[in-house]
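In the text below, chain A, chain B and the rest are named by the order of the sequence lines, each starting its count at 1.
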Amino acid sequence: MSLRGKAAIVGAWEHPTRFAPNKTMFQIMAESARGALDDAGLTIKDVDGLCTTGVGMGWMGLLGFCDYLNLTPSYVDSTAIGGSSFVAHTAHAAAAIAAGLCETVLIVYGSTAASQRFAIGTGGVAGGGEPCDQYELPFGPTTVGSYAMIAQRHMHDYGTTPEQLAEVAVIARQHAALNPDAKYREPITVADVLASRIVSSPLHLLDCCMISDGGGAVVVTSAERARDLKKPPVYLLGAGEAVRHTARGTRDFLEVAAAQSGRLAFERAGVSHREIDLAMVYDSFTITVIVTLENLGFCKRGEGGAFVSGGRLRFDGDFPLNTDGGGLSSNHPGMRGMFLLIEAARQLRGEAGARQVRDCQIALVHGTGGNLGTRHSGATLILSNQVG
Amino acid sequence: MAAESKAYAKPLPHLDEENRPWWEALKRHELYLQRCRDCGATRYYPRALCPECLSSQTEWLRSRGAGKVYTFTTTWQNATPGFRESLPYVLAYVELDEGLKLLTNIVDCPPEQVRIGMPVTVVFDDVTPEVTLAKFRPVP
Ligand SMILES: [Zn+2]
């Protein structure tokens with residue numbers, strides 16, 4: 001059974017907050033749920049499936065959230081694989097809907113990482129209990145450091161330059177200037193990125209995503225039901241997910257999960273790379289975008305630096321990417337996959353205002369979760385405003 | 001000895017029944033890898049079963065402790081106690097001559113002189129009475 005065209009995103013809402021010391025995580029999640037359901041023209045009573053990660057929500061967090069909103073869903077999924085989780089949830093929701101397990105799934109996220117002063121990238125790596133941790137944590141890995149080691153190897157093997165990495169941050173900021181909700185909207189140049197301090201070599205501060213508060217939600221339902229709702233449906237055409245890790249000491253670190261998840265998503269969608277009008281690719285760091293685009297097959301391995309250069313990633317360029325400003329400039333509360341979905345939905349519906357991609361019909365969403373240099377997940381979706 | 005342990009603020013490994021022999025060997029300044037007696041696959045870090053074929057038949061291979069820097073980063077920011085007082089430090093993957101990569105620190109070398117491909121050799125750092133870490137330094 002193929003999922004192609006079976007389900008659609010019918011509601012999508014991004015919480016406008018970037019700093020919410022006066023709100024709780026559950027409150028942000030609930031407000032996001034309300035926003036996405038209003039967007040769809042549905043009510044909370046229509047929800048019979050729930051996906052959320054449970055991360056930071058206490059022991060068995062999904063149950064706590066069901067209690068908070070008095071939900072009694074027939075389908076639940078708290079897959080927690082880092083920032084890509086919500087992208088994977090969307091595919092799981094579509095599969096559950098297609099299999100008849102439920103009809104309308106709420107996928108929801110909220111975080112107060114900034115107001116709690118949670119050092120996501122440089123607080124050391126969380127954990128300690130897993131076997132692999134015993135051989136890593138004593139040496140001082142950080143999230144930034146994990147990605148920085150990928151960047152260092154990429155530069156060594158392919159001659160990728162700091163200027164090419166910086167280009168990703170510069171374009172993100174240009175897009176943020178067109179997004180009224182983005183946290184950082186002042187223009188920056190390649191020179192500004194290179195002049196910012198090194199956090200973990202070769203990555204500068206402006207190569208790194210921010211830490212903000214935030215939240216968002218999407219609502220997924222059957223294609224049949226989607227046609228009667230308030231907004232144009234955003235159909236799921238194909239999906240894939242994958243994990244990469246240290247592979248018993250044998251890993252090729254420049255081959256990432258996107259290679260597997262992307263191939264599956266393209267095959268299942270029956271779409272070619274040239275048909276993609278918008279790419280929403282997790283930009284935890286500038287290097288993440290370059291390596292992900294290579295592994296998704298948009299360019300050959302080693303060509304990512306050249307691929308992102310020359311303004312190509314602008315919303316009005318050859319290869320529009322992260323048109324909301326991304327984690328580098330719009331928001332990053334810790335697990336950004338949710339906002340990749342929401343911006344893709346906005347663009348496919350023609351709601352992106354000053355940053356609207358012309359004739360945007362097919363979008364690729366790719367979330368990366370975890371740490372590229374140790375263990376990470378990848379989840380890819382191909383979405384469209386029509387089922388061809 | 002207790003005072004020395006207390007003074008070491010960085011994270012320490014949790015020793016258990018599965019990994020203790022490996023850590024005890026490190027305490028003797030011996031670095032080991034594992035090889036499956038059934039399928040021949042080598043592995044790092046140590047674990048009870050072969051991930052390739054799930055065999056429990058394991059052979060311990062003594063590593064020569066020689067390899068090359070596969071990749072690295074000089075860390076300038078880390079809020080973790082112990083590390084925040086030792087900035088900058090070099091986090092790296094070393095590819096051992098036996099073919100496996102391990103996460104480690106490059107020591108006895110100014111961070112700006114570390115290069116990918118640089119030949120390195122193991123140095124055993126007895127960080128507490130119970131724990132020795134395998135770090136690497138450039139081959140002179
Ligand atoms: Zn085996």
- Residue B:Phe83 versus chain A: region with a heavy atom under 4.5 Å: side chain
- If one checks every heavy atom of B:Pro46 against chain A at 4.5 Å, the contacting part turns out to be both
- Among B:Asn105, B:Val90, B:Leu102, the one residue meeting side-chain contact (heavy atoms from CB on, under 4.5 Å) with A:Phe139: B:Asn105
- Query: Counting N and O atoms only, with roles assigned by atom type, does the side chain of A:Arg248 sit under 3.5 Å from a partner on the main chain of B:Pro51, one being a donor and the other an acceptor?
  - Reply: no
- Message: Using heavy-atom distances under 4.5 Å, tell me whether B:Arg115 contacts chain A through its side chain, its backbone, both, or neither.
- Response: neither
- Message: Could you tell me if the side chain of B:Trp76 sits less than 4.5 Å from the side chain of A:Arg197, heavy atoms only?
- Response: no
- Message: As an exercise, state the distance from OG1 of A:Thr250 to NZ of B:Lys101, rounded to the nearest 0.5 Å.
- Response: 6.5 Å
- In this structure, CG of B:Leu91 is separated from CD of A:Gln152 (nearest 0.5 Å) by 11.0 Å
- Aromatic rings A:Tyr135 and B:Trp22: how do their planes relate, parallel, tilted or perpendicular, breaks at 30° and 60°? perpendicular
- If you round to the nearest 0.5 Å, how far is CG of B:Asn78 from OG1 of A:Thr143? 10.0 Å
- Task: Cation-pi check, A:Arg153 to B:Tyr70: give yes when NZ or CZ is under 6.0 Å from the six-membered ring centre and within 45° of the ring axis, no otherwise.
- Result: yes
- Message: Quick check on B:Tyr89 against chain A: is it the side chain, the backbone, both or neither that has a heavy atom closer than 4.5 Å?
- Response: side chain
- Item | B:Ile116 versus chain A, the contacting section by heavy-atom distance below 4.5 Å | both
- Task: Identify which part of A:Thr246 has an atom lying under 4.5 Å from any heavy atom of chain B, answering side chain, backbone, both or neither.
- Result: side chain
- Heavy-atom proximity to chain A below 4.5 Å, by part of B:Glu52: side chain
